[in-house]
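The structure presented is a predicted model; accordingly, all values stated were derived computationally and were not measured.
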Amino acid sequence: MRRHARRGEASREVSVASVPSERGAEVGRRIGVGLMYGLWRPRVLGSWKMPATGPVILAVNHSHNIDGPMVMGVSPRPVHFLIKKEAFIGPLDPFLTGIGQLKVDRHSADRTAITQALDVLSHGGVLGIFPEGTRGEGDFASLRAGLAYFAVRSGAPIVPVAVLGSSEKRGRLIKGLPPLRHRVDVVYGDPFEAGDGSGRRTRRALDEATERIQKQLTAHLENARRLTGR
């Protein structure tokens, strides 16, 4: 879209429209507040560590489907999550788009999602990423390269977030969800820079950044488990 900016105002309007809605993300945050605190008992630790302004990347572990909505609901700032395109089905498609979430194809180099994610950061927003790429043990044991790319490319600090307790029990009424009023801990860590300060964006630089990120995320998860006893 930006390649054709010389064509005039219409092109600029398309470019602006591609930026995920900050207002929509705030609406999503408020919906999340009501649902998460209404259904469960979130305990949030260290949310003050998130920078109050400017671009931020939240790196969230992922062991249950409620992890994303939980972080959206308890976050002090509205969050734009990269979410697999398979979740955008039926009425969920316009809803998720309307609340500023980003559809991504995990099986290809999704240029639209990449551009939108970088737009979020360039406009000083908060980008949420599950660095493991898919739901699993939630232990940050295997990271995909996307987190390092966005962090190095944008220069935005990464804030590690550990969600604990979402997958340890099944509810009686709905087996796929935690029990009602179950406590779920959300622990924020200290922001850190993924790059080495050189500004390099080579494959080697991204690999090195991924190693640094994994060490930081793993250390944060261990600390979060000690703090919460989980």
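- At least one side-chain heavy atom of Ser63 sits under 4.5 Å from a side-chain heavy atom of Ser166.
- Linking ILVMFWY side-chain heavy atoms closer than 4.5 Å, directly or via other members, places Ile83 and Val161 in a single hydrophobic cluster.
- A salt bridge links Glu208 with Arg204: at least one charged nitrogen is closer than 4.0 Å to a carboxylate oxygen.
- Nearest heavy-atom pair, Ser75 versus Met50, reported as atom, atom and distance to 0.1 Å: OG-CE, 3.6 Å.
- Checking Asp207 against Thr210 by side-chain atom types alone, no donor-acceptor pair falls below 3.5 Å.
- By the 4.5 Å heavy-atom criterion applied to side chains, Leu177 and Trp40 are counted as neighbours.
- Crowding of Arg43 atom CZ: a count of heavy atoms from other residues, nucleotides or ligands under 6.0 Å exceeding 12.
- The minimum heavy-atom distance between Arg212 and Asp196, with the atom names listed, is NH2-N, 3.5 Å.
- Between Arg29 and Glu26 there is a salt bridge, with a side-chain nitrogen of the basic residue lying less than 4.0 Å from a carboxylate oxygen of the acidic one.
- Applying the 6.0 Å contact sphere to CZ of Arg111 captures no more than 12 heavy atoms from other residues, nucleotides or ligands.
- Between Arg201 and Arg153 the shortest side-chain heavy-atom distance falls below 4.5 Å.
- Ring to ring, Phe130 and Phe81 are close: their centroids are under 6.0 angstrom apart.
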Quiz prompt | side chain to side chain contact (heavy atoms under 4.5 Å, CB included) assessment of Asn223 paired with Leu221 | solution = CA-CA 5 Å; Asn223 183 57; Leu221 184 59; over 6 Å; no

Self-check item: Steps toward side chain to side chain contact (heavy atoms under 4.5 Å, CB included) verdict (Thr97, Phe88)
Solution: CA-CA 8 Å; Thr97 301; Phe88 289 73; 3.9 Å; yes

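- At a threshold of 4.5 Å between non-hydrogen side-chain atoms, the residues Pro51 and Val159 count as touching.
- Side-chain N/O atoms of His80 and Gln116 include no donor and acceptor closer than 3.5 Å.
- Using a 4.5 Å heavy-atom threshold, the side chains of Val163 and Val60 count as touching.
- By the neighbour-count criterion of 12 heavy atoms within 6.0 Å, atom NZ of Lys49 is densely surrounded, having more than that number from other residues, nucleotides or ligands.
- For the pair Glu193 and Pro157, the tightest heavy-atom approach, listed with the atom from each and the gap, is OE2-CB, 3.9 Å.
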Exercise. Would you sort out whether Asp105 and Lys84 count as a salt bridge (charged side-chain N to carboxylate O under 4.0 Å, His left out), showing the intermediate values?
Key: CA-CA 6 Å; Asp105 185 345; Lys84 62 182 180 180; over 6 Å; no

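- Closest of all the heavy-atom pairs between Val33 and Gly73 is CG2-O, 2.9 Å.
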